[in-house]
Amino acid sequence: MICCSKHVRLLSAFHTLHPHQPSKSSSLHPLSFDSCCSYCVLQTWTAADTQHQEEETQFQALYPWRKQSTGGMIRVKRDWIIPPIRVLENSKQVPEALVQIKSDKIFRGEVIYKLEGPGVDQEPKNLFEIDDKTGVIRSKRPLDREKHNSFTLKAFALSPSGERLENPTTIEIVVLDQNDNRPTFTQNQFTGAVAEFSVPGTSVMSVSATDADDPMTENAILRYSIIDQESIPASAVTKTMFGINDVTGTIYTRDVGLDREVVKSFRLKLQVGDMSGMGLTSEGVAIIHVSDINNHAPQFSPYKYSMTAVENRKNYEIGCINVTDRDDPGTGNWEAKYFISTGDPNRSFTVSTDPATNQGILTVVKPLDYEAQTDYSLILTVENVNPLIHKAYNVPVSSATVLVTVVNENEAPRFREDPILIVVPESVAPGTRLKSNIAYDPDDSQLRYEISRDPERWLDIDRDTGEITAKRTFNIRNPHVRNNVYTAAVKVTDAGGVSASATVAITLTEINDFPPQLFPLSGSVCKEASQISSGVVLMAVDEDLPPHAAPFTFKLQNELSMNWTIVQINGTHAVLQLLVELETGEYAVTVLVSDSGSPALGAYAQVNVTVCLCDSFGDCKSEAVAVFGSNVGISLIALIIIMASIALLLLLLLLAVALTTCGRHHHLKRGTGLLIAESEDDIRDNVINYDEQGGGEEDENAFNIDLLWNPHDPPPTPRFFCPVAGVPRGKQPVRKDTPHNLPSPSYPRRPPADPSDIEDYINDGLEAADQDPNVPPYDTALIYDYEGEGSLAGSLSSLASDSSDGDQDYDYLNDWGPRFQKLADMYDPR
């Protein structure tokens with residue numbers, strides 16, 4: 001497939017040399033085909049082409065498959081390169097023929113041409129078309145280079161049956177640019193800043209613009225310029241202060257004299273033009289602010305101030321100091337810092353800066369004392385947060401004088417110490433002076449004292465002098481005394497009604513005011529010399545606290561206790577032991593026990609010791625065992641008499657039981673459950689006690705109380721039987737918190753005859769139980785006798801009986817007298 005004509009070749013060359021001058025000559029139109037041959041190729045025209053070159057080129061175009069060579073004719077593959085078709089954008093000659101294509105395939109029938117690609121059947125569509133018979137490609141609408149700067153199309157040569165005659169040809173259409181877009185600034189308004197007194201040539205800011213035209217052409221070559229300058233405030237500066245680089249758009253200073261105190265900012269009107277400033281133009285705005293530098297030092301205005309301050313107050317403002325500064329407000333060049341150079345050795349004042357007004361605020365940070373100093377003369381200096389520039393270093397530092405007068409006020413009384421510490425012994429006598437001169441008034445006012453808190457009312461205070469005295473004796477064991485410290489409070493008020501309070505902490509020291517007590521006061525020891533370890537363990541207790549309590553010292557009264565000795569175990573316990581063998585019986589031993597106090601206190605205690613015969617376990621034997629087991633001789637006759645007496649006693653007891661049983665059977669009346677006398681006439685209002693609790697009418701023996709025992713518990717052990725090894729015979733379990741060898745006290749055996757003595761009888765029993773070491777302690781669970789899981793006897797109620805009372809004969813009740821007549825009528829209504 002080839003393209004034709006010479007005019008196309010000439011037009012292509014013309015567009016290359018003059019892209020901005022579209023051809024209007026009809027002689028150069030690409031579709032002047034009258035002088036064309038059928039087979040030709042587009043070729044770039046140049047004025048320097050020679051006739052020889054044209055002939056050689058024509059030969060190669062007409063016969064591209066031939067090639068001259070020393071080796072003869074060679075057939076080569078066809079490969080056409082079509083130069084780009086250049087089309088000017090925004091052309092008004094539409095439709096416009098661009099190029100014509102023809103197929104060089106030898107085909108006698110009709111050839112159909114087709115075109116596809118962007119601008120034809122792809123977006124953007126309908127920009128180009130092809131004549132399917134002639135192969136002429138046309139533009140249908142004006143083109144826009146800013147939207148599409150080139151198009152790549154493919155042309156096809158088809159037979160009428162749709163068969164592709166040869167490979168498709170690529171056609172590239174390049175859209176040539178026109179200067180149809182104005183340059184525009186990238187911002188609506190540019191903003192910059194320059195420091196005041198900047199030297200000429202100082203760069204301030206840069207502006208920029210863009211142009212949618214082809215950047216490779218002069219249509220997009222931009223130039224910048226400043227067309228107007230306006231100062232704010234208006235007419236503050238009339239000379240041209242800024243310039244601009246026309247190529248880069250950089251704005252710079254051109255002259256001296258930028259003073260922020262004179263002019264605040266500038267408004268520049270900018271212009272940008274394409275085609276190196278000769279083409280289309282646009283305007284913009286740049287705002288340049290003159291920034292401040294610290295070239296002005298702050299100055300006090302005025303230079304003297306007078307203020308008043310109330311004594312005894314702190315952290316409160318007493319006045320303000322004013323300064324002026326010509327620099328830009330709100331910046332570090334304007335913000336002031338204040339210093340107190342002289343007049344405040346104790347640093348009782350400070351000056352802070354108000355960020356809104358830049359004023360100095362004078363504040364009292366430590367309480368002032370009118371009685372110590374009545375006025376102050378303060379010298380203040382000021383400087384900026386940012387340092388001054390070097391040109392302003394020679395400016396003197398501003399200073400101001402502030403006279404502060406201290407105002408007197410009624411001050412509250414003051415305690416010399418808080419808390420008021422007092423250390424006294426617990427047995428201090430009432431009226432003893434504990435503390436004096438506890439407070440004073442800075443204004444020398446008359447003071448009045450009072451006790452504001454004293455839970456035990458142990459203290460008293462003089463209303464005028466404030467002297468604290470003991471009102472009564474202290475008790476270190478009182479609940480209000482914690483860690484030996486009793487806490488109270490006092491209050492003092494001056495003549496103006498101003499008061500103050502303080503805590504009184506009284507530390508009570510322990511004294512030795514209680515003698516030790518000895519426990520227990522009774523016990524038992526073995527008389528045998530072999531029982532050396534036997535003895536009475538004694539313990540001492542003292543109500544005093546250390547160091548006036550343990551360790552204790554135990555001693556015996558020498559002239560009365562020659563047969564005894566006492567061995568100290570530790571600081572609180574000792575053992576009283578025999579030195580020689582004594583006869584069995586009761587002995588009184590006097591023991592002296594002393595504490596460790598200073599001075600030490602002691603007390604005598606009489607210990608009642610029972611000397612007894614002991615068994616192998618070291619426990620005292622019973623009286624009978626002691627007699628039989630003792631070394632005291634008993635004659636055979638005496639032993640026989642004793643045994644005979646016991647046998648006679650048992651015989652009499654059996655006889656009494658037999659007589660009682662016979663008498664009961666004689667008095668039972670058959671068929672009734674009532675016991676009556678032999679004589680039917682002997683009816684008396686007496687209740688007869690037979691000392692029996694039988695099991696019913698048919699039971700002739702006493703009821704067996706063993707049925708009430710718990711069948712799950714073992715039967716009770718006799719008193720003198722030892723079922724478990726290690727438990728002494730005849731001994732009940734004893735308490736583990738008391739010595740085991742102490743005898744039980746004697747309990748009251750008979751109740752008093754007079755009811756008024758009942759209380760004493762109960763109290764005696766309680767006291768004996770408290771002193772009995774062989775009873776369980778108070779928190780021991782008490783176990784009582786088990787009464788069985790159910791009764792073995794049947795119901796005694798006639799309602800639950802199988803028999804009826806209707807079968808009984810109650811006539812005999814009428815024979816018992818008038819007193820039983822009513823009962824007979826109730827049981828036998830017949």
Side-chain angles (χ1 to χ4, degrees), residues 307-319 344-350 361-376 404-426 428-476 478-509:
M307 302 179 185
T308 60
V310 181
E311 66 171 338
N312 303 320
R313 298 183 184 179
K314 65 177 182 177
N315 297 329
Y316 77 102
E317 302 175 2
I318 61 174
D344 186 22
N346 298 325
R347 296 186 177 183
S348 301
F349 302 90
T350 185
I361 303 173
L362 185 61
T363 305
V364 178
V365 295
K366 292 183 179 179
L368 305 178
D369 189 359
Y370 175 82
E371 288 72 23
Q373 188 173 352
T374 59
D375 53 57
Y376 294 84
V404 180
T405 303
V406 182
V407 178
N408 188 25
E409 70 171 356
N410 185 16
E411 301 180 50
R414 301 176 184 176
F415 286 93
R416 301 189 185 276
E417 61 176 352
D418 188 10
I420 303 172
L421 302 178
I422 301 174
V423 180
V424 295
E426 61 173 332
V428 62
T432 303
R433 183 178 67 179
L434 304 180
K435 200 77 170 181
S436 61
N437 192 21
I438 61 175
Y440 69 96
D441 188 78
D443 301 321
D444 296 329
S445 176
Q446 187 69 28
L447 301 180
R448 183 176 69 256
Y449 300 87
E450 61 179 316
I451 299 290
S452 60
R453 183 170 60 85
D454 184 12
E456 292 297 329
R457 299 184 179 180
W458 288 347
L459 304 178
D460 198 359
I461 191 170
D462 188 282
R463 182 181 179 86
D464 299 324
T465 64
E467 183 179 79
I468 301 175
T469 58
K471 190 174 183 180
R472 54 173 60 90
T473 304
F474 298 157
N475 182 11
I476 198 172
N478 189 279
H480 289 95
V481 179
R482 298 182 179 179
N483 298 326
N484 296 351
V485 177
Y486 176 73
T487 304
V490 296
K491 180 181 179 181
V492 59
T493 307
D494 62 9
V498 181
S499 61
S501 298
T503 302
V504 180
I506 303 176
T507 302
L508 302 179
T509 59

Subject >> Pairing residues for N315 by the side chain to side chain donor-acceptor pair (under 3.5 Å) criterion, not counting sequence neighbours >> reply: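 Per chain and number, N315 pairs via side chain to side chain donor-acceptor pair (under 3.5 Å) with no residue.
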Original post:
Of all residues at least two apart in sequence or in a different chain, which pass the side chain to side chain donor-acceptor pair (under 3.5 Å) check with E426?
Top reply: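 Expected list: none.
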Under the rule for side-chain contact (heavy atoms from CB on, under 4.5 Å), what residues qualify as partners of [X], not counting sequence neighbours?
X	answer
V424	I422, L434, F474, I506, L508
A495	S445
R482	none

Original post:
Can you pull the ring-ring contact (aromatic ring centres under 6.0 Å, His included) pairs that have at least one residue in residues 482-505, sequence neighbours excluded?
Top reply: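 Residue pairs with at least one partner in residues 482-505: W458-Y486.
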How far apart are the closest heavy atoms of [X] and [Y], and which atoms are they?
X	Y	result
V492	P413	CG1-CB, 3.8 Å
A470	A429	CB-O, 3.9 Å
T487	P455	O-CD, 4.0 Å
F415	A439	CD2-CB, 3.9 Å
T473	P430	OG1-CD, 3.9 Å
R347	V365	O-CG2, 3.5 Å

Original post:
Can you check whether A489's main-chain N or O pairs, donor with acceptor, with S452's side chain at less than 3.5 Å?
Top reply: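 Yes, the answer is positive, given that a donor and an acceptor are paired below the 3.5 Å cut-off.
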Original post:
Checking Y449 side chain against I468 main chain: does a donor-acceptor pair fall under 3.5 Å?
Top reply: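 Such a contact is absent between Y449 side chain and I468 backbone.
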To the nearest 0.5 Å, tell me how far [X] [atom1] sits from [Y] [atom2].
X	Y	atom1	atom2	result
I461	I451	CD1	CD1	4.5 Å
S501	K491	OG	NZ	6.0 Å
D441	L447	CG	CG	5.0 Å
T469	L459	OG1	CG	8.0 Å
D418	T503	CG	OG1	5.5 Å

Taking the side chain as C-beta and beyond, is there a heavy-atom pair between [X] and [Y] under 4.5 Å?
X	Y	value
N437	R416	yes
I476	N478	no
V404	L362	yes
V423	T509	yes

The criterion is salt bridge (charged side-chain N to carboxylate O under 4.0 Å, His left out); which residues satisfy it with [X], sequence neighbours excluded?
X	result
K435	E417
E311	none
R313	E409
R472	none

Subject >> Pairs meeting criterion salt bridge (Lys or Arg N to Asp or Glu O under 4.0 Å) with involvement of residues 448-468, two or more places apart >> reply: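 Passing the test, one end in residues 448-468: R433-E467.
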Considering only distance and modelled atom types, tabulate donor-acceptor pairs under 3.5 Å from the side chains of residues 366-373, sequence neighbours left out.
residue : atom : partner : partner atom : Å
K366    : NZ   : N346    : O            : 3.2
D369    : OD1  : E371    : N            : 3.2
Q373    : OE1  : Y376    : OH           : 3.3
Q373    : NE2  : D375    : O            : 2.9

